[in-house]
2 protein chains.
Amino acid sequence: MANQFDALLRRLSLKVTPKRLAILEILAAEPIYLTPEEVWTRMKRKSTRAGLPTVYRNLEELSACGILIKIVHPDRRLYYYFCPNDHHHHHFVCISCRKVEDLNFCGLDSIDREVRKSLKGAVVSHLMQVYGRCKECLAG
Amino acid sequence: MANQFDALLRRLSLKVTPKRLAILEILAAEPIYLTPEEVWTRMKRKSTRAGLPTVYRNLEELSACGILIKIVHPDRRLYYYFCPNDHHHHHFVCISCRKVEDLNFCGLDSIDREVRKSLKGAVVSHLMQVYGRCKECLAG
DNA sequence: TCCTAATTGAAAATGATTTCTGATTATAGC
DNA sequence: GCTATAATCAGAAATCATTTTCAATTAGGA
Ligand SMILES: [Zn+2]
Ligand SMILES: [Zn+2]
Ligand SMILES: [Zn+2]
Ligand SMILES: [Zn+2]
């Protein structure tokens, strides 16, 4: 039996390469969002050394496919997170420890209605992110 | 009587300089979001030449004060927009012509409740932006 | 196995944004 | 108005995360 991400990649017509698997394994094991460079460092530790551009490329691809979530951060650097929840939802991200937690709330329905009726426009995508401090960070 | 932004700047203890006024005038006259470089170009046209770093610095300052809105864009470049509406609200931005329109909807109340009750965390800030095509761009 | 397109690595380029430093300027107080 | 002083500014240079290039390698289907 192969890696748990085998089928996932195949389904998306992405070749199952050691780099991709390593990237997914690393992110899936983290409850926090990581920068490409951090993923790259962890790959070295696992002796799945890869080029930094490869990491960037794969993270971008995988997030474009919806496997990974790109976290929008005020510092405008790239961050990625693996979220197993495949329903549409948004995230609460801890600005202190980088933990990501799912939010069930999404106001897209109301927004879409407003955009269509009042603005006569069409929604293409939307972004919602909540920044704050998680339970542990509040306690600490 | 001075420029309409005089009082606004004074109230925030920011010196009233020709550069700042020019930046505000330019953005207030635009129904779309602009990059720092575009603001800079328009300043040259108005013969209020400024250094690009000055434009960057002021845009950042003014958005930190809440006078300008920083538009979060998928391309991760900086964009600024002058929004006269001083109530908390969010924006619908046209990815085709860059027009910005106000949305009345904000789900922060529900989100805040969820974060406090379910996650035991605290919301610090939130980001919501809706991308799409405006009425005119749909027609064109 | 063989073929082909996809993937990768190393090095180099990119380019928006920021930093640095020494002028210049707005403004408060006299 | 004049002065002192901190804020602001210009220009050049630096930064540095991210992307591009291109030749070599590899995965997956025929
Ligand atoms: Zn935390
Ligand atoms: Zn999630
Ligand atoms: Zn438009
Ligand atoms: Zn809101």
Side-chain angles (χ1 to χ4, degrees), chain A residues 2-3 5-26 33-44 46-65 67-68 70-80 98, chain B residues 2-3 5-26 33-44 46-65 67-68 70-80 98:
Chain A
N3 186 291
F5 297 116
D6 250 67
L8 188 55
L9 290 174
R10 282 180 209 285
R11 211 175 309 135
L12 293 159
S13 319
L14 290 176
K15 288 189 178 177
V16 181
T17 68
K19 320 286 173 179
R20 282 200 181 120
L21 293 175
I23 289 173
L24 286 172
E25 275 161 19
I26 284 166
Y33 51 87
L34 298 179
T35 63
E37 191 161 1
E38 287 165 341
V39 172
W40 178 69
T41 304
R42 281 164 173 73
M43 287 178 83
K44 282 193 289 195
K46 290 184 62 177
S47 62
T48 317
R49 189 182 230 68
L52 199 43
T54 298
V55 178
Y56 272 91
R57 258 184 313 234
N58 278 304
L59 288 172
E60 182 52 37
E61 250 168 4
L62 294 170
S63 77
C65 292
I67 305 184
L68 296 180
K70 201 190 284 194
I71 299 288
V72 174
H73 200 277
D75 71 9
R76 285 176 303 121
R77 291 172 59 191
L78 290 169
Y79 291 98
Y80 294 90
R98 297 191 184 183
Chain B
N3 185 292
F5 297 115
D6 249 69
L8 188 55
L9 290 174
R10 281 179 208 286
R11 212 175 307 138
L12 295 161
S13 318
L14 290 175
K15 288 188 178 177
V16 181
T17 70
K19 320 284 173 182
R20 280 195 182 123
L21 292 175
I23 288 172
L24 287 172
E25 275 161 18
I26 284 166
Y33 51 88
L34 298 179
T35 63
E37 192 162 0
E38 286 165 339
V39 172
W40 177 67
T41 303
R42 281 165 174 72
M43 286 178 84
K44 282 194 287 193
K46 290 183 63 176
S47 63
T48 316
R49 187 180 281 293
L52 198 43
T54 298
V55 178
Y56 271 91
R57 230 180 295 129
N58 278 304
L59 289 172
E60 182 52 37
E61 251 168 4
L62 294 170
S63 77
C65 291
I67 304 183
L68 296 180
K70 201 191 285 197
I71 299 289
V72 175
H73 200 276
D75 70 9
R76 284 177 302 123
R77 291 172 59 191
L78 290 169
Y79 292 98
Y80 294 91
R98 297 191 184 184

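All chains are named by letter (A, B, ...) in the order of the sequence lines, taking the proteins before the strands, and each is independently numbered beginning at 1.
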**OP:** Under the side-chain contact (heavy atoms from CB on, under 4.5 Å) rule, what do E25(A) and T48(A) come out as? Steps first, then yes or no, please.
**Re:** CA-CA 11 Å; E25(A) 275 161 19; T48(A) 317; over 6 Å; no

Subject >> R49(B) backbone acceptor or donor facing K19(B) side chain under 3.5 Å >> reply: yes

**OP:** Any chance you could measure K46(A), atom NZ, to T41(A), atom OG1, to the nearest 0.5 Å?
**Re:** 13.5 Å

Original post:
What is the ring orientation for Y79(A) with Y33(A), classed by angle as parallel under 30°, tilted 30 to 60°, or perpendicular over 60°?
Top reply: perpendicular

Original post:
Which is true for R49(B) with a 4.0 Å heavy-atom rule: it touches a base, it touches only sugar-phosphate, or it touches nothing?
Top reply: sugar-phosphate

**OP:** Specify the residues of residues 12-24 of chain A, ordered by number, for which at least one heavy atom lies under 4.0 angstrom from an atom of DNA chain C.
**Re:** L14(A), K15(A), T17(A), K19(A), R20(A)

Subject >> Test side-chain contact (heavy atoms from CB on, under 4.5 Å) applied to L24(A) and L68(A), step by step >> reply: CA-CA 8 Å; L24(A) 286 172; L68(A) 296 180; 4.0 Å; yes

**OP:** Would you check if the side chain of R20(A) reaches a backbone N or O of K15(A) as a donor-acceptor pair within less than 3.5 Å?
**Re:** yes

Subject >> Start and end of the DNA chain D segment that chain A contacts, any atom under 4.0 Å from a heavy atom >> reply: dA17(D) to dG28(D)

**OP:** Please work out if R57(A) contacts a base, only the sugar-phosphate, or nothing of the nucleic acid, heavy-atom cut-off 4.0 Å.
**Re:** base

**OP:** Tell me, please, the opening and closing nucleotides of DNA chain C, 5' to 3', among those with an atom under 4.0 angstrom from a non-hydrogen atom of chain A.
**Re:** dA5(C) to dT18(C)

**OP:** On DNA chain D, check which nucleotide each of V55(B) and R76(B) is closest to and give me the residue with the more 5' one.
**Re:** V55(B)

Original post:
Should R98(A) and E38(A) be marked as a salt bridge (Lys or Arg N to Asp or Glu O under 4.0 Å) after you check the CA-CA gap, both sets of side-chain angles, and the distance that decides it?
Top reply: CA-CA 13 Å; R98(A) 297 191 184 183; E38(A) 287 165 341; 2.7 Å; yes

Original post:
Does the pair N58(B) and V39(B) meet the rule for a side-chain contact (heavy atoms from CB on, under 4.5 Å), with working shown?
Top reply: CA-CA 11 Å; N58(B) 278 304; V39(B) 172; over 6 Å; no

**OP:** Run the numbers on L59(B) and L78(B) for side-chain contact (heavy atoms from CB on, under 4.5 Å), then give the verdict.
**Re:** CA-CA 10 Å; L59(B) 289 172; L78(B) 290 169; over 6 Å; no

Original post:
Hey, what do you get for CG (L62(B)) to CG (L12(B)), rounding to the nearest 0.5 Å?
Top reply: 8.5 Å

